[in-house]
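Beneath this line is the structure, given in structure tokens, with notes to follow.
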Amino acid sequence: MNEAKYIWMDGEFVEWKDAKVHILTHTLHYGNGIFEGTKAYRTHDGRCAIFRLDEHTKRLYNSAKMLLLDIPFSIEEMKKAQVELLQKNELFNGAYIRPLVYLGYGVMGIYHKKCPVNASIAAWEWGAYLGEEGMKNGVRVKISSFNKPSNNSTMGKAKASANYLNSQMAKFEAVEAGYDEALLKDTDGYIAEASGECLFIIRDGVVITPPNDNSLESITQATVIELAKDLGYEVVRKRVTREEIYIADEAFFTGTAAEVTPIRDVDSRIIGCGSRGPITEKLQSAYFDVVQGKNEKYTKYLTYIN
Ligand code: PMP
């Protein structure tokens, strides 16, 4: 991994190698932690900006509220810490930013409200999540044998560490079977999301993406919906079944780390041309224009760090 110099821990900048926790850290045992994945990009004018810092930080606080974690810092403090961390690490060519809020050391047992809440932020350079080749030619996807847990059992809208156990199992299953990524259905059999991305399909020029009935409220999905509308496409949010994906003209993933990644086949059914489709390419390029500050309309989403 691309180590940086410092990690922010509870208000202090700690050297990367010293950013450690006790083995009895509550979250390590019982899984109640929440995190964010935010990205900063080098902009076209040679500066660097964090993309949608406000929305990611707000979602961190929303996740904390859902899981009864009282973050001992204000939203403003957490935003400032993310900016300062990139500056201190001189990550001016862009970085992935990982705030994590976790239950710390001092109390064991499942009841968690007496446990101290700790916050940390790490940032490092991280390339294309699903690979450079995938960004260009598309990735191979398997519909998972793992479902998203029902809305009655876990809180899928929280970006909770515990939710990623299910994602991890689905991802492993897909990779072992020779695919790049897994798509998970909800308990009604509709596609909810991938292990760490949202799904879009294109049929007859219409851009379709599932609602967030049983998935994270994705910030990249919301951005791509805006961009698709700007480009004049009809955007429909509706539940989709696996066979609708098989016969789609194009399909792609969105996510902070995955950005806009084309899908070239699903369960060995070739999607469209079997590579990056034309609408996907337009949306991918529009997305990179936005994060790199080339689209005036969306500079409102950028927090420049230099
Ligand atoms: N679903 C899951 C399960 C994810 O982990 C992610 C990545 N954060 C997404 C969707 C996409 O969300 P976002 O666009 O906000 O990164």
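Each ligand, and each atom within it, is numbered from 1 in the order the structure gives.
- For atom 12 (O) of ligand 1, the nearest non-hydrogen atom from the set A257, G37, S218, A170 comes from S218.
- Between W126 and Y129, the ring planes lie perpendicular to each other; the angle is over 60°, past the 30° to 60° tilted range.
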Apply side chain to side chain contact (heavy atoms under 4.5 Å, CB included) to residues M78 and L60 and explain how you reach the verdict.
CA-CA 10 Å; M78 287 300 278; L60 185 77; 4.0 Å; yes
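- Here's the thing with H56: none of its N/O atoms is less than 3.5 angstrom from an N/O atom of ligand 1.
- With a 4.0 Å heavy-atom cut-off, ligand 1 is reached by the side chain of R59 but not by its N, CA, C or O.
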Ring pair (Phe, Tyr, Trp, His ring centres under 6.0 Å) for F51 and Y287? Distances and angles first, verdict last.
CA-CA 11 Å; F51 185 59; Y287 183 74; 5.8 Å; yes
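- No donor-acceptor pair closer than 3.5 Å links the side chain of N89 to the backbone N or O of A123.
- Remark: minimum distance from atom 1 (N) of ligand 1 to any protein heavy atom is reached at E193 OE1, 2.7 Å.
- Under the 6.0 Å cut-off for aromatic ring centres, F200 and F253 do not qualify, their centroids lying 6.0 Å or more apart.
- Considering both main-chain and side-chain atoms, S167 never comes within under 3.5 Å of ligand 1 through any nitrogen or oxygen pair.
- Residue T254 has no nitrogen or oxygen atom sitting less than 3.5 Å from a nitrogen or oxygen atom of ligand 1, judged on distance alone.
- Polar contact with ligand 1: absent for A194 (N/O pair, distance under 3.5 Å).
- Using a 3.5 Å distance cut-off with no hydrogens or angles, the side chains of Y179 and S144 do not pair a donor with an acceptor.
- When hydrogens are left out, the protein atom nearest atom 8 (N) of ligand 1 is K159 NZ, 2.8 Å; that is the closest non-hydrogen contact.
- Ranking protein heavy atoms by distance to atom 16 (O) of ligand 1, first place goes to T256 OG1, 2.6 Å.
- Within the listing of ligand 1, atoms 2 (C), 3 (C), 4 (C), 5 (O) sit less than 4.0 angstrom from a heavy atom of Y164.
- Figure legend: cation-pi geometry between K39 and Y96 absent, as NZ or CZ is not positioned both under 6.0 Å from the six-membered ring centre and within 45° of its axis.
- For ligand 1 and S195, the ligand atoms under 4.0 Å from any heavy atom of the residue are 3 (C).
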Show, in sequence, the C-alpha distance, side-chain angles and deciding distance for H26 and C115, and conclude whether the side chain to side chain contact (heavy atoms under 4.5 Å, CB included) test is met.
CA-CA 8 Å; H26 199 280; C115 202; 3.6 Å; yes
Is there a side chain to side chain contact (heavy atoms under 4.5 Å, CB included) between Y41 and R47? Walk through the geometry before answering.
CA-CA 8 Å; Y41 290 86; R47 291 193 289 161; over 6 Å; no
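- Ranked by closest heavy atom to atom 7 (C) of ligand 1, the top entry among A192, G255, G196, G156 is G196.
- Under 4.0 angstrom from ligand 1, the non-hydrogen atoms of T220 come from both its backbone and its side chain.
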